[in-house]
Amino acid sequence: MTDANQHEPLLLRVTGLTVRLNSSHGLVHAVEDVSFSLARGQTLGIVGESGSGKSVMARSLMGLLPRRSIAFGSGSILFHTDNAQEQDLAQMPDKLMRHLRGPAMAMVFQDPMTALNPVLRLSVQLTEPLRQHLGLDRQQARSRAIELLAAVGIPDAAGRIDQYPHQLSGGMRQRVVIAIALACNPALLIADEPTTALDVTVQKQILDLLARLQREHNMAMILITHDLGVVASRADYIAVMYAGRIVEYAPARTLFTSMQHPYTEALFKSIPRINDPSHTRLQAIPGRPPQLINAAVGCAFAPRCQYVQPRCRQQTPPVVEVPDAREHRHACFYPISPGLNREEGDD
Amino acid sequence: MKLLARKLPWLLGTLFAVSFFTFMLVSLLPGDPAVMILGAGGVSPEAIAQLRLELGLDRPLVIRYFDWLGSALSGDLGRSPMTGQSVTDAILSRLPVTIQLGVMAIVIALALAIPLAMVSAYFAGSRLDRSISGVGFALMSVPGFMMAIFLILIFAVGLGWFPATGWVSLTDSPAANLRSALLPALSLAMIELALYMRLLRTDLIDTLQQDYITLARAKGLPNWLILTRHALRPSSFSLMTVVGLQLGGVISGAIIVEEIFALPGVGRLLYQSILQRDLLMVQGIVLFIATAYVVVNFLVDLCYSLLDPRVRYAD
Ligand SMILES: Nc1ncnc2c1ncn2[C@@H]1O[C@H](COP(=O)(O)OP(=O)(O)O)[C@@H](O)[C@H]1O
Ligand code: SF4
Ligand SMILES: [Mg+2]
């Protein structure tokens, strides 16, 4: 795979992002030293079990974390706005940040049942960003909102727009959430587990819809999921997250042909495969998911890792580049099969 | 409308029970009404027996109840044996004062409580929030009559902006009416204010953690719009319930304030009737209060559907 970052202009560069949150149980090390970059129009898949810090990371990119709950934050989030200026979102006051939410970056949430305001009609919820950022008047915003609903595949959009969220199915609601996100034509769309809460049959439709809209709008997308299979064929790059850290990062093809990190391998083995005989059991990852309360010394995956060595418990493995592999990084002292091409790599 | 049909039997049943207990409560009070009317000393037993007959007190309780209920349904709550005044007329002539007072108090309290609760909830845990809550708590612990006296001392006696007592009716002079109503309404409002604020603050804090608020923020909406359009309505169920209770209980709530400010309202009528042991008047007013309570709560139930479309469409 060629290095797409060289062809497309850079949109987002995150460096050393660290977010620690206050919670009733103590300090949560939700995001630790996360770095990645993303070019316009590209898709970055972020994969990790529930509780690995994916949502906190996504929300901190958009400046959506409640300020009160942030105990510590550092790192930079450089974002290239349309006029090619580079701004550090991590330093930006909320007053200015607000004007980027919608037109520059938007978000699709995990649970469409709770993401829409139950007491407001779709028309209100859809026209808000249009009126706020694009300055449309009531009538213009309404007809644009109907177009948006139609664009995300809602039948009878003109009739539906005056309904309330509870009158729509989960899949339809997620389409509305997507329509809201797209309203101001953002350069970056963050989709935080957009299909996790949906029926299996609807999941593929929503993912295909996102892919189509991404192409049409030339949007960059951060597609967050706990299922490596979801991003396998949809992402240009994949970042595997564990306990708040990116433990492996690679172009999608590279990741599947020569994965280095034991956790990536464990995730890979847990992908449900359609052509598997139905009686083969999914290989769940043994052990408890990561605990983020108070950072432990050593590799966070050590308690569950089948390749663990004494050193893993004493030092935290740093992020290193894979020799001779472009843009392939991992954080493991004992990576698996350096450079080995695996046959089962393609899904 | 289906909601109405479903709740109507419940409403009627409650009203029936309320009327029965009101009647019983007053009828079973110790003391013979006839003796009380005529005075204890020096009255002949014949005169008392005569009055008991006139008042119908010789008949069984249940009969008397249905008798009373029948008249009450046709709007006749009897005549006060003390003043000879019709109970219904007495209540109705004083009702506008009490209602104006109650509504003004609630409007003032809400107008202050809603923005304060929003600020408090938005900055929950901050020094500002704690100051607001502290003042609210202080207000809540001040007894109603103290509040009234404070306000009179400051604004009537001290500054002379408002009359200390008395009432001018709305039809006589709207301006003077407002002046005479403001201090009493304010003393009622100050006490309600704290309660409204605490309720709304709690519910707002909960709502502000919902996904749809995060989505509203992700749309880049300004905070004031998120608070007013997105958060307020889903957070106002408990508030509306309590406002309803307050409105239903406006008469009993206004007793002390009406007495202190010498306002010709139903609350003061009740207070004075109790002092004079005018049982028929007390009975009529209590029935009226209880009915108002039940009916207002019924209306509040109907209003839920205005707040939440899910209730509206579930029918
Ligand atoms: N607002 C918050 N305050 C405190 N802790 C939080 C908050 N949001 C998430 N967390 C904690 O941060 C950790 C990472 O959560 P999250 O990012 O939601 O994981 P994921 O999206 O990967 O499932 C969890 O331990 C979670 O409990
Ligand atoms: S550093 Fe050690 S424990 Fe951690 S993933 Fe690598 S081998 Fe396993
Ligand atoms: Mg999540």
Side-chain angles (χ1 to χ4, degrees), chain A residues 22 55 58-59 61-69 94-121 124-134 162-167 173 176-177 180-181 183-184 186 189-190 192 197, chain B residues 114 118-130 133 200-240 302-315:
Chain A
N22 299 313
S55 295
R59 281 169 194 223
L61 293 184
M62 301 248 326
L64 288 177
L65 288 172
R67 187 176 312 151
R68 232 171 307 132
S69 59
D94 194 66
K95 274 201 172 65
L96 296 179
M97 189 72 202
R98 173 168 90 68
H99 299 288
L100 295 184
R101 291 189 211 117
M105 45 172 48
M107 192 160 170
V108 174
F109 291 76
Q110 174 169 345
D111 188 354
M113 305 312 267
T114 57
L116 294 170
N117 193 319
V119 306
L120 296 177
R121 292 177 197 276
V124 176
Q125 307 196 44
L126 273 158
T127 54
E128 270 179 341
L130 297 165
R131 303 193 63 186
Q132 192 68 42
H133 299 292
L134 308 182
D162 288 314
Q163 292 193 325
Y164 288 95
H166 73 270
Q167 294 171 291
R173 287 193 216 187
V176 173
V177 173
I180 291 173
C184 300
L189 181 71
I190 302 176
D192 187 358
Chain B
I114 291 175
M118 283 181 176
V119 170
S120 251
Y122 186 74
F123 295 106
S126 70
R127 190 172 300 169
L128 181 63
D129 170 40
R130 275 175 307 185
S133 296
L200 187 58
R201 174 186 174 275
T202 308
D203 287 357
L204 270 173
I205 286 176
D206 188 54
T207 302
L208 288 177
Q209 287 164 359
Q210 301 295 314
D211 277 358
Y212 57 82
I213 298 296
T214 311
L215 186 129
R217 292 182 59 215
K219 285 196 242 184
L221 300 183
N223 289 328
W224 64 267
L225 193 62
I226 294 175
L227 279 167
T228 50
R229 187 189 284 166
H230 284 264
L232 181 59
R233 202 137 67 95
S235 314
S236 44
F237 288 87
S238 339
L239 179 65
M240 204 179 65
L302 293 183
C303 282
Y304 281 138
S305 65
L306 293 181
L307 280 183
D308 191 343
R310 286 168 297 187
V311 178
R312 205 178 318 158
Y313 286 83
D315 288 307

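Given the structure is predicted, the values throughout are model-derived calculations rather than measurements. Order of the sequence lines fixes the chain letters, A, B, ..., with proteins taken first and strands second; residue numbering starts at 1 for each chain.
Neither the backbone nor the side chain of A:His99 comes within less than 4.5 Å of any heavy atom of chain B. For A:Ile180, the part lying near chain B is the side chain, with the backbone staying farther off; criterion is any non-hydrogen pair under 4.5 Å. Residue contact with chain A, scored on non-hydrogen atoms closer than 4.5 Å, is absent for B:Ala216. For chain B, no part of A:Arg67 is nearby; none of its heavy atoms comes within less than 4.5 Å. For A:Gln110, no part lies near chain B; criterion is any non-hydrogen pair under 4.5 Å. There is no contact between B:Ile213 and chain A, counting heavy-atom distances below 4.5 Å.
With contacts defined as side-chain heavy-atom distances shorter than 4.5 Å, the pair B:Lys219/A:Cys184 does not qualify. Here the side chains of B:Arg233 and A:Leu120 are in contact, with some heavy-atom distance below 4.5 Å. Between A:Met107 and B:Thr214, every side-chain heavy-atom pair lies at or beyond the 4.5 Å cut-off.
Ranking A:Pro129, A:Gly102, A:Ala115 against chain B, the residue ahead of the rest is A:Ala115, based on heavy-atom pairs under 4.5 Å.
Contact between B:Pro309 and A:Pro118 at its shortest, heavy atoms only, is CG-O, 3.1 Å. Here the closest heavy-atom approach between residue A:Met62 and residue B:Ala218 is recorded as CE-CB, 3.9 Å. Nearest heavy-atom pair across A:Leu116 and B:Tyr212 is C-CB, 3.5 Å. For A:Arg68 against B:Ala121, the heavy-atom pair with the smallest separation is NH2-O, 4.5 Å.
Residue A:Arg131 holds its CZ atom at 12.0 Å from CG of B:Leu221, rounded to the nearest 0.5 Å.
Using modelled atom types, no side-chain atom of B:Asp211 and backbone atom of A:Thr114 make a donor-acceptor pair closer than 3.5 Å.
For B:Arg229, the salt bridge (Lys or Arg N to Asp or Glu O under 4.0 Å) partners at least two apart in sequence or on another chain are A:Glu128.
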